[in-house]
Amino acid sequence: MQIAERLGKIPPYLFMELRKKINKAKAEGVDVISLAIGDPVEPTPDSIIEELCRQAHVPENHRYPTDEEKGMLAYRQEVARWYRERYGVTLDPEKEILGLIGSKEGCHHFVLACINPGDIVLMTDPGYPAYRSSILMAGGEPWNVPILPENDYLPVFEDIPSNILKRARGMFLNYPNNPTGACATRPFLDRLVAFARETGIAVCYDNPYGEMVFEGQERLSFLMADGAKEVGVELNSLSKPFNMTGWRIGMASGNQEILAAMSKVKENTDSGIFNPIQYAGIHALRHEGASIDRMRAIYARRRALVLETLKKIGINFEPPKGTFYLWVPVPAGMTSLEFTNRLFEKTAVVVASGTAYGQYGEGFIRISLTVPDDRLAEAMARIGKEFA
Ligand SMILES: *Cc1c(COP(=O)(O)O)cnc(C)c1O
């Protein structure tokens, strides 16, 4: 029996070593606190769950989903309304929106829809690891575009070599950015559209943290930029804003041609989202905007607590204003992995080493704010004491 070579190209989990240590510590009864993973712990709002239950009792909803891989029209119409109200973006629900089983799925389908084997696909470094896996699984060649603190973690298009651009057919971007927390700006989105027009590169703008912005930061969608629909799609998701990561529901919006191709991939892969989940999604988008504000307030409070603790132990920095992560510089003289290990050994607090997101993640760790308040407070108390 053979296992496909393309799977071998996907980098192994970088923190096997750390994971082993965590499991060993847990087995020994150590109280391990993980701040490494971005997965909201607060429950999905009740009214969304109630809508799911109500719709789950309707027999027609047990069949293949309405409009199958496209997502039911009522869901796409609700997405259009959401984009109009929250971002001032006009979308045709018939042709410019596609339901997704989460934005991660969308990454994969984007590559299968737009990329031939051997084509280069640009992605940022640091960046979300699933981009690389999607590119590799489709036979594409990932090329890392550094995003550096001195450039506000935005790519500098002029620095991408022309021989790379010649072979590049797609690009993944994600702002508010996981892992750095950086946000895009309107001038940057205009530069992105211009860059895509000049090079013919299809843009996949992954925006699951669009709602997760702090300190007056403007909410931005790629589709707000003039001409965005001509050059790319935006992926979005109910996972992060509504604490619905397990539900698997999202959307792709924008360029009709790309969406039609992604739809064709989906038609031959899955058969869409369970109807009751789509109804629950409609309900979330229509009625639960206020729960996003509540979550934002919770994250803002946790953010402040972490920043205060870091300041106390001598880590002072100007944090970017998006996502529920903090991208924190490690103390001088230590690598990301050294600091990650040291933190774990001294305090049993687990954070993600910046290098898990690419070579330019060196010098940073990522702290996630998706932990219960009391656990975060305990983690910060331990860190404050140990590194005082
Ligand atoms: C969490 C996350 C996703 C996955 O979102 P789903 O909709 O749950 O698949 C995609 N992209 C980034 C950058 C993320 O952090």
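For ligands, and for the atoms within them, numbers begin at 1 and follow the listed sequence.
- Residues Pro179 and Tyr325 approach most closely at O-CB, 4.1 Å, considering heavy atoms.
- For ligand 1, the atoms lying closer than 4.0 Å to a non-hydrogen atom of Ser237 are 6 (P), 7 (O).
- Salt-bridge formation is detected for the pair Arg303/Glu215: a Lys NZ or Arg NE/NH1/NH2 atom is positioned less than 4.0 Å from an Asp or Glu carboxylate oxygen.
- By the criterion of a heavy-atom distance under 4.0 Å, the side chain of Tyr131, and not its backbone, is placed next to ligand 1.
- Residues Glu218 and Arg186 are paired through a salt bridge, judged by an N-O separation under 4.0 Å between the basic side chain and the carboxylate.
- When each atom of ligand 1 is checked for a heavy atom of Pro208 under 4.0 Å away, the hits are 10 (C), 11 (N), 12 (C), 14 (C).
- At the top of the distance list for atom 4 (C) of ligand 1, counting protein heavy atoms only, stands Tyr128 OH, 3.5 Å.
- Annotation: atom 10 (C) of ligand 1 to nearest protein heavy atom, Ser103 OG, 3.2 Å.
- For Asn174, no nitrogen or oxygen atom sits less than 3.5 Å from a nitrogen or oxygen atom of ligand 1, counting backbone and side chain alike.
- Ionic pairing of Arg54 and Glu50 is not present here: no N-O contact between side-chain nitrogen and carboxylate oxygen is shorter than 4.0 angstrom.
- At a threshold of 4.0 Å, the pair Glu85-Arg81 counts as salt-bridged, since one of the basic side-chain nitrogens sits closer than that to a carboxylate oxygen.
- Atoms of ligand 1 lying under 4.0 Å from any heavy atom of Arg248, numbered from 1 in the order shown and given with element: 6 (P), 8 (O), 9 (O).
- When each atom of ligand 1 is checked for a heavy atom of Tyr209 under 4.0 Å away, the hits are 1 (C), 14 (C), 15 (O).
- Of the listed residues (Leu100, Ile249, Asp206), the one carrying the non-hydrogen atom nearest atom 11 (N) of ligand 1 is Asp206.
- One finds the CG atom of Leu238 at 11.0 Å from the CZ atom of Arg248 (value rounded to the nearest 0.5 Å).
- Ion pairing between a basic and an acidic side chain is recognised when a charged N comes within 4.0 Å of a carboxylate O; Lys9 and Glu5 show no such pairing.
- Inspection of the Glu362 and Thr355 side chains reveals no N or O donor paired with an N or O acceptor under 3.5 Å.
- When hydrogens are left out, the protein atom nearest atom 2 (C) of ligand 1 is Lys240 NZ, 2.5 Å; that is the closest non-hydrogen contact.
- Annotation: Ser239 places an N or O atom under 3.5 Å from an N or O atom of ligand 1; distance criterion only.
- Not a single heavy atom of Phe172 lies less than 4.0 angstrom from ligand 1.
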